[in-house]
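Structure first, commentary second.
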Protein chains: 2
Amino acid sequence: MEFTKRLLEQFLALAEERHFGRAAQRLSMSQPPLSQAMQRLERGLGVTLLDRRPGDLRLTPAGTAFAVEARRLLDAQSAVVERVRRVAHGLEGDVRVGYVSILSHRHLPRLLRAAAEELPGLRVHLHQDATVTLVEMLRSGALDLAFIRDPSPVPDDLVVHDFAVERIVAALPDEHRLAGAASVALSDLREDDFVLLSETALPGLARQARLACGESGFTPRRRADADDLTGLLGYVAAGLCVSLMPEDLRDFPVPGITFVPLREASPYLRTTVAAVRRADADAAVHRLLDLITRHTGP
Amino acid sequence: MEFTKRLLEQFLALAEERHFGRAAQRLSMSQPPLSQAMQRLERGLGVTLLDRRPGDLRLTPAGTAFAVEARRLLDAQSAVVERVRRVAHGLEGDVRVGYVSILSHRHLPRLLRAAAEELPGLRVHLHQDATVTLVEMLRSGALDLAFIRDPSPVPDDLVVHDFAVERIVAALPDEHRLAGAASVALSDLREDDFVLLSETALPGLARQARLACGESGFTPRRRADADDLTGLLGYVAAGLCVSLMPEDLRDFPVPGITFVPLREASPYLRTTVAAVRRADADAAVHRLLDLITRHTGP
DNA sequence: GAACTCCATATGGTCAACCATATCGAATGA
DNA sequence: TCATTCGATATGGTTGACCATATGGAGTTC
């Protein structure tokens with residue numbers, strides 16, 4: 001038994017008109033083929049749908065039930081077409097998004113809110129991890145988009161878009177001689193002890209700190225290493241060292257630490273980028289990426 | 001865009017096999033027409049469902065969504081066929097049932113329970129009214145089945161089946177001289193004052209009381225009339241009259257009243273019948289009627 | 001580069017769905 | 001009784017869906 005749109009429409013027209021002639025007219029066809037179609041329908045179902053009494057056509061109980069179901073089937077079909085098109089156009093769908101730890105605490109929520117508003121049909125699945133892991137997941141297809149740091153050599157199969165830039169600031173103990181300054185030059189810290197991230201943990205930040213000092217003409221005297229940011233903060237708060245950190249950390253004030261902007265400008269920035277697979281054709285990903293770039297520009 | 005079963009099955013097979021050749025084989029067809037069918041499908045939707053990369057066929061996000069929807073559409077179609085057949089066979093459906101007031105308090109619940117168990121797909125809509133009204137509603141199509149009293153001249157377009165029989169008993173004041181008897185003959189009451197129902201209210205019972213007395217060779221001395229059973233009960237409880245009532249009323253004991261069986265046997269029965277339209281072809285009604293007769297026999 | 005895999009394209013045949021016109025047969029009502 | 005109404009039936013034509021076989025063409029593998 002096959003329910004063509006046409007067949008369902010014919011039955012519905014007949015169910016409303018309760019008259020073969022009028023229904024046929026409404027369907028822009030002659031009466032005989034309508035009779036035949038209804039016979040085929042009833043034969044196919046093995047069920048009598050119409051109570052053909054002369055001068056008074058009625059639906060049997062089964063016919064009444066079928067009229068409801070027919071309407072539902074038609075609606076379901078249209079809904080499927082609609083939904084598939086929306087998915088194809090990226091207005092609906094699933095996007096798996098990776099991001100690096102707390103560093104995105106400022107921009108990510110804003111972005112998610114904008115996405116929920118502009119692309120309400122999108123379901124975003126979040127996964128937090130380190131940049132290296134995220135890159136791997138993205139390339140293997142486990143993620144569709146990732147907000148990562150420092151993709152210094154960007155893999156061939158990925159494309160990145162700047163998402164947010166964050167200055168590096170000096171983290172000084174409250175009692176440090178420059179803690180009260182409006183800004184410091186990196187070179188002012190050449191004699192200080194530094195605590196820096198180990199290269200293995202968050203290579204991006206570690207490398208950038210090293211480069212920044214290099215450009216200011218000195219190698220930081222590295223008194224200690226730490227595996228993560230909280231480790232760094234501990235050393236600084238204890239008054240033992242100074243360090244360099246992303247400015248966003250100021251949103252998580254730590255007693256004993258003062259953050260002071262660097263006088264040097266552009267080079268000492270940490271950039272967060274949105275990365276996607278170059279070959280990815282998923283429209284939802286592109287919509288989201290488009291939204292990201294638009295919300296990033298101004 | 002038309003979603004034939006065949007087309008949906010073809011897409012689903014392809015979505016599972018991820019290979020035109022194997023899918024075609026599973027569908028017992030050759031590969032080219034399958035290619036064509038998928039092209040027609042994609043063209044019809046205006047959406048690319050398949051990511052044809054050499055040696056590795058994938059579904060686009062839209063294709064994945066469509067696979068889910070296609071399965072749903074197929075299930076929905078089968079469900080419709082199933083449902084319509086169940087309605088046609090009376091295993092599912094709506095039946096509007098009328099019944100006369102409290103008189104059915106004993107049998108109706110039992111029947112409804114049996115129906116709910118044996119025909120769980122049936123939705124029964126209950127309506128309580130007087131016999132005359134119910135007969136009218138049944139004939140006009142406002143009801144499908146009615147439990148009524150005394151359809152003495154059964155209208156041509158209705159058929160009735162005995163549902164329950166109920167003896168008529170004497171209702172005597174507690175202090176009546178025969179209140180202690182195990183049974184009374186109607187003729188014993190020839191000298192008593194009677195309270196009877198007015199002919200207009202519940203004509204069936206009123207007429208039957210009159211007939212019963214007539215057969216016992218007397219006309220009851222009618223001291224009072226009442227519009228309903230509670231009115232009757234009031235007169236009897238006050239010790240003013242005797243009356244005749246359906247035995248089931250004993251389930252609602254009234255202080256001051258004793259119910260005593262009549263010695264006369266069969267004629268003094270009140271029968272409740274299940275009535276349906278003779279021309280009604282509704283299978284659900286017949287199922288229910290069949291259940292009724294089966295639960296009535298033994 | 002030759003063989004192979006895999007999907008697309010080309011061509012042709014069959015059949016059922018779909019439609020129209022003409023007609024029939026039953027029921028209704030004047 | 002006769003005209004009318006209304007759905008079923010008869011007959012024939014067109015079309016598109018569906019299938020098969022044969023072939024093309026891109027990409028991979030050895």
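Lettering of chains follows the sequences in order, A, B, ..., and the numbering in each one begins at 1. Computation of the quantities below employed the complete heavy-atom set of this structure, encompassing side-chain atoms and omitting hydrogens, waters and symmetry-equivalent molecules.
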Roughly, in whole Å, what's the span from [atom1] in [X] to [atom2] in [N]?
X: B:Gln39; N: C:dA8; atom1: CD; atom2: P; answer: 6 Å
X: A:Leu50; N: D:dC6; atom1: CG; atom2: P; answer: 16 Å
X: B:Asp56; N: C:dT5; atom1: CG; atom2: C1'; answer: 13 Å
X: A:Glu2; N: C:dA17; atom1: CD; atom2: C1'; answer: 12 Å
X: B:Arg18; N: C:dC7; atom1: CZ; atom2: P; answer: 12 Å
X: A:Leu8; N: C:dC18; atom1: CG; atom2: P; answer: 11 Å
X: A:Arg53; N: D:dG7; atom1: CZ; atom2: P; answer: 13 Å
X: A:Arg43; N: C:dA17; atom1: CZ; atom2: C1'; answer: 12 Å

Looking at [Y] and [X], is any side-chain nitrogen of the basic one under 4.0 Å from a carboxylate oxygen of the acidic one?
X: B:Arg22; Y: B:Glu16; value: no
X: A:Arg96; Y: A:Asp94; value: no
X: A:Arg26; Y: A:Glu17; value: yes
X: B:Glu82; Y: B:Arg85; value: no

Are the side chain of B:Arg277 and the backbone N or O of B:Ser140 linked by a donor-acceptor pair below 3.5 Å? no

With the sugar-phosphate defined as primed atoms, P, OP1 and OP2, and the base as all remaining atoms, what B/S/- string results for nucleotides 16-30 of chain D, 5' to 3', for protein heavy atoms under 4.0 Å? --SBBBB----S---

Worked verdict on A:Gln39 versus A:Ser35 for side chain to side chain donor-acceptor pair (under 3.5 Å): CA-CA 6 Å; A:Gln39 285 166 16; A:Ser35 280; 5.2 Å; no

Taking only the side-chain nitrogens and oxygens of A:Ser35, find out if one of them lies under 4.0 Å from OP1 or OP2 of D:dG7.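 No, A:Ser35 has no side-chain N/O under 4.0 Å of OP1/OP2 on D:dG7.
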
Taking OP1 and OP2 of D:dA8, is either one under 4.0 Å from a side-chain nitrogen or oxygen of A:Arg52?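 A:Arg52 to D:dA8 OP1/OP2: side-chain N or O found under 4.0 Å.
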
